[in-house]
Protein chains: 2
Amino acid sequence: MTKDEILSAAAQIFSQKGFHAASMQDIAQAVNLQKASLYHHISSKQDMLLAILDQALDLLIEHIEQVAIQPLPADEKLRLAMVVYLQAMLEQRDLAAVLLLEHRSLENQYRSQHIPRRDRFEQLWRNMLREGVEQGIFNCTDLALASRALLGVMNWTITWYHPNGGLSPINIAEQTADLFFNGLLKREG
Amino acid sequence: MTKDEILSAAAQIFSQKGFHAASMQDIAQAVNLQKASLYHHISSKQDMLLAILDQALDLLIEHIEQVAIQPLPADEKLRLAMVVYLQAMLEQRDLAAVLLLEHRSLENQYRSQHIPRRDRFEQLWRNMLREGVEQGIFNCTDLALASRALLGVMNWTITWYHPNGGLSPINIAEQTADLFFNGLLKREG
DNA sequence: GTCTATATGGTGATAGAC
DNA sequence: GTCTATCACCATATAGAC
């Protein structure tokens with residue numbers, strides 16, 4: 001048994017039941033161990049949560065940064081980032097769900113380790129929006145609000161997506177990007 | 001002590017700590033009772049959660065329905081609904097946060113009571129989108145996806161809004177509606 | 001309607017054998 | 001590295017006095 005296998009099982013259970021409703025017993029059972037044996041690999045339940053959050057954030061940051069550094073027009077870059085982000089999110093649903101919905105279960109001491117990385121992640125989105133404003137192609141009066149709207153429209157997907165629901169991740173990603181870029185209203189003419 | 005006072009305190013604590021992390025002890029303390037005394041007013045913790053979810057949903061449905069029945073052009077109607085919804089949500093943050101983030105802590109038997117109302121709520125949004133499509137003013141190929149994007153951009157607000165954060169609810173509501181209607185891209189010309 | 005006391009069971013975590 | 005056994009604690013909920 002490896003630490004990664006345990007974290008993977010834990011992520012699945014945390015995402016299904018929520019951090020506090022999930023017990024060490026549940027996790028041990030999922031990997032066919034006694035719960036005491038888990039503590040050979042991890043030091044506490046909070047420690048597991050932090051590890052999962054960091055792992056999820058690393059995964060997403062890595063994807064987004066690869067897009068962010070490319071010399072593309074801001075609209076193409078942001079669209080690509082949205083598609084890449086949504087695909088990664090929906091293909092690693094357990095990790096993403098824990099990152100987005102369980103991060104508040106982190107106790108203060110652990111949270112202070114995690115927060116800086118999360119800020120950097122949000123900064124990536126804000127910077128991509130800023131580029132578009134500077135290039136005169138984004139219509140955006142408040143960068144902070146726009147980046148939160150952008151994250152909202154993407155992150156909320158984790159609350160309703162099911163892999164057998166008819167829409168594929170790429171399909172969802174493209175349509176969501178279209179809607180966010182063009183808006184709901186039909187253009188005149 | 002009334003049931004409503006207890007539910008109100010419970011909503012605040014559920015929204016702060018999450019349902020499972022909040023104890024009956026916490027709630028009793030918040031209303032200056034012994035935890036055993038709570039059971040004179042409510043029958044279980046799950047019962048409290050269901051009551052809060054229903055209360056929150058009632059509040060929001062009531063607001064949205066009042067807008068939905070008005071004979072307005074679809075774009076004006078949806079914009080008004082968004083503003084009304086966001087204002088109600090941000091002014092009743094505790095209720096809304098429990099509704100949006102803790103509903104999955106409901107056990108199956110309780111959930112089956114709650115789900116039909118929730119479906120009706122989502123149907124209200126979908127219908128308003130449909131009206132706009134029928135009137136030829138909304139650009140929307142997939143009603144289900146668009147309504148989820150719409151709910152995402154609004155509901156995510158509950159995860160970051162703080163009343164002393166500079167932006168007022170009405171301010172947030174107007175800007176969010178603008179962005180969702182017009183899109184991020186600047187129009188040509 | 002609120003209290004004290006308690007039943008009953010699960011929790012995260014540790015000790016120490018193998 | 002995994003086990004059995006156990007600790008100390010907290011959870012939801014109930015019983016019954018006042």
Side-chain angles (χ1 to χ4, degrees), chain A residues 1-55 94 98 101-114, chain B residues 1-54 98 101-114:
Chain A
M1 185 61 49
T2 69
K3 181 167 176 174
D4 269 358
E5 288 176 282
I6 292 171
L7 290 181
S8 171
Q12 189 180 346
I13 293 171
F14 288 169
S15 84
Q16 273 169 15
K17 311 176 83 163
F19 176 75
H20 280 103
S23 70
M24 297 302 278
Q25 174 78 275
D26 294 331
I27 295 161
Q29 190 172 308
V31 293
N32 273 89
L33 286 183
Q34 295 301 310
K35 62 178 175 173
S37 308
L38 295 175
Y39 289 88
H40 178 76
H41 304 274
I42 53 95
S43 67
S44 73
K45 198 183 173 190
Q46 282 285 322
D47 182 66
M48 292 183 72
L49 178 57
L50 180 61
I52 292 169
L53 292 175
D54 281 347
Q55 194 177 323
D94 295 332
V98 175
L101 303 175
E102 301 300 329
H103 111 268
R104 67 170 170 171
S105 295
L106 256 194
E107 286 164 14
N108 287 339
Q109 36 182 358
Y110 292 83
R111 174 182 273 121
S112 59
Q113 296 179 236
H114 177 68
Chain B
M1 186 60 49
T2 69
K3 180 167 177 175
D4 269 357
E5 287 176 283
I6 291 171
L7 289 180
S8 171
Q12 190 179 346
I13 294 172
F14 289 168
S15 83
Q16 273 169 17
K17 311 177 80 162
F19 176 75
H20 280 104
S23 70
M24 297 301 278
Q25 175 78 275
D26 293 331
I27 295 160
Q29 189 173 310
V31 294
N32 273 90
L33 286 182
Q34 294 301 311
K35 60 180 174 172
S37 309
L38 296 175
Y39 289 88
H40 178 77
H41 303 274
I42 52 97
S43 67
S44 74
K45 199 185 173 190
Q46 282 285 322
D47 182 67
M48 291 182 72
L49 178 57
L50 179 61
I52 291 169
L53 292 175
D54 281 347
V98 176
L101 304 175
E102 301 301 329
H103 111 270
R104 68 170 171 172
S105 295
L106 256 195
E107 287 164 13
N108 287 339
Q109 36 182 358
Y110 292 83
R111 176 183 271 120
S112 58
Q113 297 182 46
H114 177 69

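Computed from heavy atoms alone, side chains included, the values below leave out hydrogens, waters and symmetry copies. In what follows, every chain begins at residue 1, and chains take the letters A, B, ... in the order their sequences are listed.
Here salt bridge (charged side-chain N to carboxylate O under 4.0 Å, His left out) pairs that include residues 27-47 of chain B, with residues two or more places apart or in two chains, number zero. Pairs engaging residues 16-49 of chain A under the ring-ring contact (aromatic ring centres under 6.0 Å, His included) rule: A:Phe14-A:Phe19 [sequence neighbours left out].
Among residues two or more places apart in sequence or in another chain, the side chain to side chain donor-acceptor pair (under 3.5 Å) test is passed with B:Ser15 by B:Asp94. Residues satisfying the side-chain contact (heavy atoms from CB on, under 4.5 Å) criterion with B:Ala30, sequence neighbours excluded, are B:Ala9, B:Ile13. B:Asp54 is linked by a salt bridge (charged side-chain N to carboxylate O under 4.0 Å, His left out) to B:Arg117, counting only residues two or more places apart in sequence or in another chain. Under the side-chain contact (heavy atoms from CB on, under 4.5 Å) criterion, B:Glu107 pairs with B:Gln46, B:Gln109, B:Tyr110, not counting sequence neighbours. Remark: B:Gln29 pairs with no residue by the side chain to side chain donor-acceptor pair (under 3.5 Å) rule, at least two apart or across chains. Here B:Thr2 pairs with B:Asp4, B:Glu5 under the side-chain contact (heavy atoms from CB on, under 4.5 Å) rule; sequence neighbours left out. For B:Asp26, the side chain to side chain donor-acceptor pair (under 3.5 Å) partners two or more places apart in sequence, or in a different chain, are B:Lys17, B:Ser23.
Atom CD in A:Gln29 sits roughly 17 Å away from atom C1' in D:dC3 (whole-Å rounding). Rounded to whole angstrom, the span from the CG atom of B:Asn32 across to the P atom of C:dG1 amounts to 18 Å. Here C:dG12 presents its P atom at 11 Å from CE of A:Met48, a figure rounded to the nearest Å. We find that CD of B:Gln34 is positioned 15 Å from P of C:dT6, with the value rounded to whole Å.
A heavy atom closer than 4.0 Å to some atom of DNA chain D occurs in A:Met1, these being the qualifying members of residues 1-17 of chain A.
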- Once base and sugar-phosphate atoms are separated, protein heavy atoms under 4.0 Å mark nucleotides 5-18 of chain D, 5' to 3', with B, S and - as B-----SBBBB---

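Rounded to 10 degrees, the angle separating the terminal axes of the helix from C:dG1-D:dC18 to C:dC18-D:dG1 is 0°, with each axis obtained from five end pairs.
Atom CG of A:Leu33 is separated from atom CE of A:Met1 by 4.5 Å, given to the nearest 0.5 angstrom.
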